[in-house]
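What follows is a set of notes on a single structure, which appears directly below.
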Amino acid sequence: MLDTRRTIDAVWKLESAKIIAGLVRTVRDVGLAEELAQDALVAALEQWPRTGVPDNPGAWLTTIARRRAVDHIRRSQLHERHQGRLAHELTQEQLQARHQDPTPGEGGGGDDESGDDPEDMLRLMLVSCHPVLPAAQRAALTLRLLGGLTPAEIARAFLSTTPEITRRIAAAKRTLAERRVSFELPEGEELAGRLASVLEVVYLIFNEGYSATSGDDLMRPGLCQEALRLGRLLAVLAPREAEVHGLVALMEIQASRSAARTGPSGEPVLLHEQNRGRWDQLLIRRGFTAMLRAREVGGSAPGPYVLQAAIAVCHAQAPTAEATDWTQIAALYGALARLLPTPVVRLNRAVAVGMARGPQAGLDLADELTAEPALRDYHLLPSVRGDLLARLHRPAEARLEFRRAAELTRNAAERAFLLARADALTEPGAAPGTDPAAGPALGPATRAFLARPELDASTVRSYGQTVRRLCLALGEGRPLDGLTADQVAGVFAAAWGSAAGRTWNRHRAAVRSFALWAGLPGLAQELAAALERRPEPGRRAAEAVGPTRLDALCALPGPTVREHVLWRLLSESGAGVKAVLALNVEDLDLEDRRARNGIGWRSGTARLLPELLAGRTRGPLFLTDRRPGPARLPTADLCPDTGRARLSYERAEYLFKRASGGLTLSRLKP
């Protein structure tokens, strides 16, 4: 029995993606395709222990899943011509399969039912990595559908919780359904754009495995291997795409250094200090081969992944760290920065320039990034600055940067490594981690500032937002007497550069109050000049959403009939949002267009209400999308017919903001 279960698990890991990919083409719904595939798995768990494992288990599972799809189409009684023809074709396929394959209980399967269609797999990749989904949802859905990982396995890989991963996957499926994402293969420029999203997800998964953002370990090899598998699969499915081969080359070469990246205690080992004899030569050769393919199919202008792969090739070709061609690497990073001028790419270029032209040249480039909002909590920026400062023989400044980097990282191994580098720069005779020449530090001073008994809770909360951001951006160990107005202004530009005048002025007043309390009147005066007060325009009454704008919102593809009814009822009645959401079906008088509590509506709402009710005669008028899960506490505010709960104010507000670009439901009132 145990051996059979292990066999089923192994087969499912291998075949699930192909089965789901084939079903997606059939049912046009990712969530439904996975449910039908799971039905086939349940059938295998029930029958194989009694009948034995079929000769072709993948074909067996595919056949069962397809038959479930036929049954679903029949039960749904779909009348559209395309879906009716599709059901007919599947029925004919089922009849042919019965002549070629044994029934589920007979333990066999034909090779023609394997469902191994490359276009199906590519289609599933493009759907699971669709740009309409946030990156975290794309990664979770991809690992679920294409990797066959359970939510628990994905949660362990990303150091998250199983319920959180389950929510991400469910939200991704819901968004794909609501947005009616096409399951057809795009062509031309659209295909290139969609592939870029797939590559982004695959590399995100790889990077999370290669340099874990949190947890105790520096690496999570399982995620690296899964990303490599997906990348290699994509290279087979899209062999004429240079960027696909470029990403594979990049991941192969980076993965080749895995064994040399950590020391005996799991501590990080910098690239130039690694034992190159421990680099995996097989992976390096695979990376070189993928790079050659990228050059063969690519045009004259390489893309970002090909350029990054070329940088990795430069490192892999150098027999020693001293032989690394940093001039070539700096030139490649220059080309990459022109093509993809992201802050992280520019930071990597600063490192390369610092190696090719000297640490001061690299530090000048790194200093340009200190006001970048995207890097304000990125631990590698102070880490790079610390390394460059140490090479410039400025140990006190380097020590502060390494400690600040340690405060920002969420990875325990990296934090210990950065603190060790800071301690190594301690002045001779001083205790590790101390700076006897420095006076009071920023972190302890801000805590004392907030602990004053004369401050009430709201003031502490307001001041705390400002000074804690200073500590995070500048480091808790930074000496107060070394704090400058330019440094504080850089923090403000990164954190609140685009903030409204009222928010900016509140933080400005807080930091000046802190400077005066700390006995730094000169700094407070300089801050008044460096941080100019912003105008605070008077609040104007928000304009209501008119009929034309409401019609446009209801014409969007995302909102459902529930949202249409809610929005039109609010617009036509002028009632409060909570009062409308509290309506029950039995409160409505459809003929009189009025509810018991006096809320009335006009023709727009009246036309849509029957579709929303769908025959219901009791319970909340507006319902959630799903039934409460088994872990939810039972509530009396449920629809007795559907088992779904009343739609919450928070969810209704969120859906309207998403559709309207940030407007609130109150704007619907005339």
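Because only heavy atoms are used, hydrogens play no part in the values below, and waters and symmetry mates are left out as well, while side chains stay in.
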> Using the ring of each side chain (for Trp, its six-membered ring), is Tyr210 parallel, tilted or perpendicular to Phe206, with breaks at 30° and 60°?
Replying inline: parallel
> Taking side chain as C-beta onward, heavy atoms only, is Gln308 less than 4.5 Å from Tyr203?
Replying inline: yes
>> What I'd like to find out is whether the side chain of Pro163 reaches to under 4.5 Å of the side chain of Arg167, using heavy atoms alone.
In response: yes
>> As a test of understanding, state which of Arg403, Arg404, Arg447 forms a side chain to side chain donor-acceptor pair (under 3.5 Å) with Glu476.
In response: Arg447
> Is the side chain of Thr409 donor-acceptor paired with the backbone N or O of Asn411 at a distance under 3.5 Å, no angle test?
Replying inline: yes
>> List the residues meeting side chain to side chain contact (heavy atoms under 4.5 Å, CB included) with Ala331, not counting sequence neighbours, and say none if there are none.
In response: none
>> For the CZ atom of Arg468 and the CG atom of Leu450, what is their distance to the nearest 0.5 Å?
In response: 5.5 Å
>> Keeping Arg276 on the side-chain end and Ala318 on the backbone end, is there a donor-acceptor pair under 3.5 Å?
In response: yes
> Do side-chain atoms of Ser128 reach the backbone of Met125 as a donor and acceptor pair under 3.5 angstrom?
Replying inline: yes
> So, the side chain of Arg278 versus the backbone of Ala259: is there a donor-acceptor pair under 3.5 Å, distance only?
Replying inline: yes
> Would you call Glu273 and Val269 a side-chain contact if the rule is heavy atoms closer than 4.5 Å?
Replying inline: yes
>> Closer than 3.5 angstrom, by distance alone: can the side chain of Ser197 be matched with the main-chain N or O of Cys129 as a donor-acceptor pair?
In response: yes
>> Please check: side-chain N/O of Arg512 versus main-chain N/O of Ala509, any donor-acceptor pairing under 3.5 Å?
In response: no
> Out of curiosity, Leu234 CG to Leu247 CG, how far, rounded to the nearest 0.5 Å?
Replying inline: 8.0 Å
>> If we ignore hydrogens and angles and just use 3.5 Å, is the side chain of Arg394 paired with the main-chain N or O of Leu389 as donor and acceptor?
In response: no
> Just by modelled atom types, is the Arg533 backbone N or O under 3.5 Å from a matching donor or acceptor in the Asn505 side chain?
Replying inline: no
> Can Val344 and Leu375 be said to form a side-chain contact (heavy atoms from CB on, under 4.5 Å), step by step?
Replying inline: CA-CA 8 Å; Val344 173; Leu375 298 181; 4.2 Å; yes
> How many angstroms lie between CD in Glu653 and OG1 in Thr664, if you round to the nearest 0.5 Å?
Replying inline: 5.5 Å
> Which pairs pass salt bridge (Lys or Arg N to Asp or Glu O under 4.0 Å) with one or both residues in residues 375-391, sequence neighbours excluded?
Replying inline: Asp367-Arg385, Asp377-Arg469, Arg385-Glu401, Asp387-Arg421
> When rounded to the nearest 0.5 angstrom, what distance separates CG in Leu527 from CG in Leu483?
Replying inline: 7.5 Å
>> Using the side-chain hydrogen bond (donor to acceptor under 3.5 Å, both in side chains) criterion, which residues pair with Thr466? Sequence neighbours excluded.
In response: His507
> Got a sec: does the CD of Glu532 have more than 12 other heavy atoms crowding it under 6.0 Å?
Replying inline: no
>> Is it true that, when you exclude Gln525 itself, more than 12 heavy atoms of the residues, nucleotides or ligands shown sit nearer than 6.0 Å to its CD?
In response: no
> Looking only at atom types and distance, does a side-chain atom of Arg194 sit under 3.5 Å from a main-chain N or O of Leu126, one as donor and one as acceptor?
Replying inline: yes
> Looking at residues at least two apart in the chain, or sitting in another chain, which of them share a salt bridge (Lys or Arg N to Asp or Glu O under 4.0 Å) with Arg179?
Replying inline: none
> Parallel, tilted or perpendicular for Phe449 and Tyr463, by the 30°/60° rule?
Replying inline: parallel
>> What I'd like to find out is whether the side chain of Leu480 reaches to under 4.5 Å of the side chain of Phe514, using heavy atoms alone.
In response: yes
> For Ser458 and Asp456, does a side-chain donor sit closer than 3.5 Å to a side-chain acceptor?
Replying inline: yes
> How about Gln487 and Leu523: do any of their side-chain heavy atoms sit closer than 4.5 Å?
Replying inline: no
> What pairs of residues pass the salt bridge (Lys or Arg N to Asp or Glu O under 4.0 Å) test when at least one of them lies in residues 331-351, not counting sequence neighbours?
Replying inline: Arg346-Glu372
>> For Trp279, give me all partners under side-chain hydrogen bond (donor to acceptor under 3.5 Å, both in side chains), at least two apart in sequence or on another chain.
In response: Gln274
> Taking Glu243 for the side chain and Tyr305 for the main chain, is one N or O donor matched with an acceptor at less than 3.5 Å?
Replying inline: yes
>> Any heavy-atom pair between the side chains of Asp280 and Ser258 that's under 4.5 Å?
In response: no
> Rounded to the nearest 0.5 Å, what separation is found between the CG atom of Leu340 and the CG atom of Leu307?
Replying inline: 9.5 Å
>> If you count heavy atoms of other groups shown closer than 6.0 angstrom to CZ of Arg357, is the number above 12?
In response: no
> With respect to Arg138, which candidate in Val202, Leu143, Val201, Leu204 satisfies the side chain to side chain contact (heavy atoms under 4.5 Å, CB included) definition?
Replying inline: Val201
> Can Arg667 be said to sit on top of Phe656's aromatic six-ring, NZ or CZ under 6.0 Å from centre and within 45° of the ring axis?
Replying inline: no
> Atom CZ in Arg257, atom CG in Asn275: separation rounded to 0.5 Å?
Replying inline: 14.0 Å
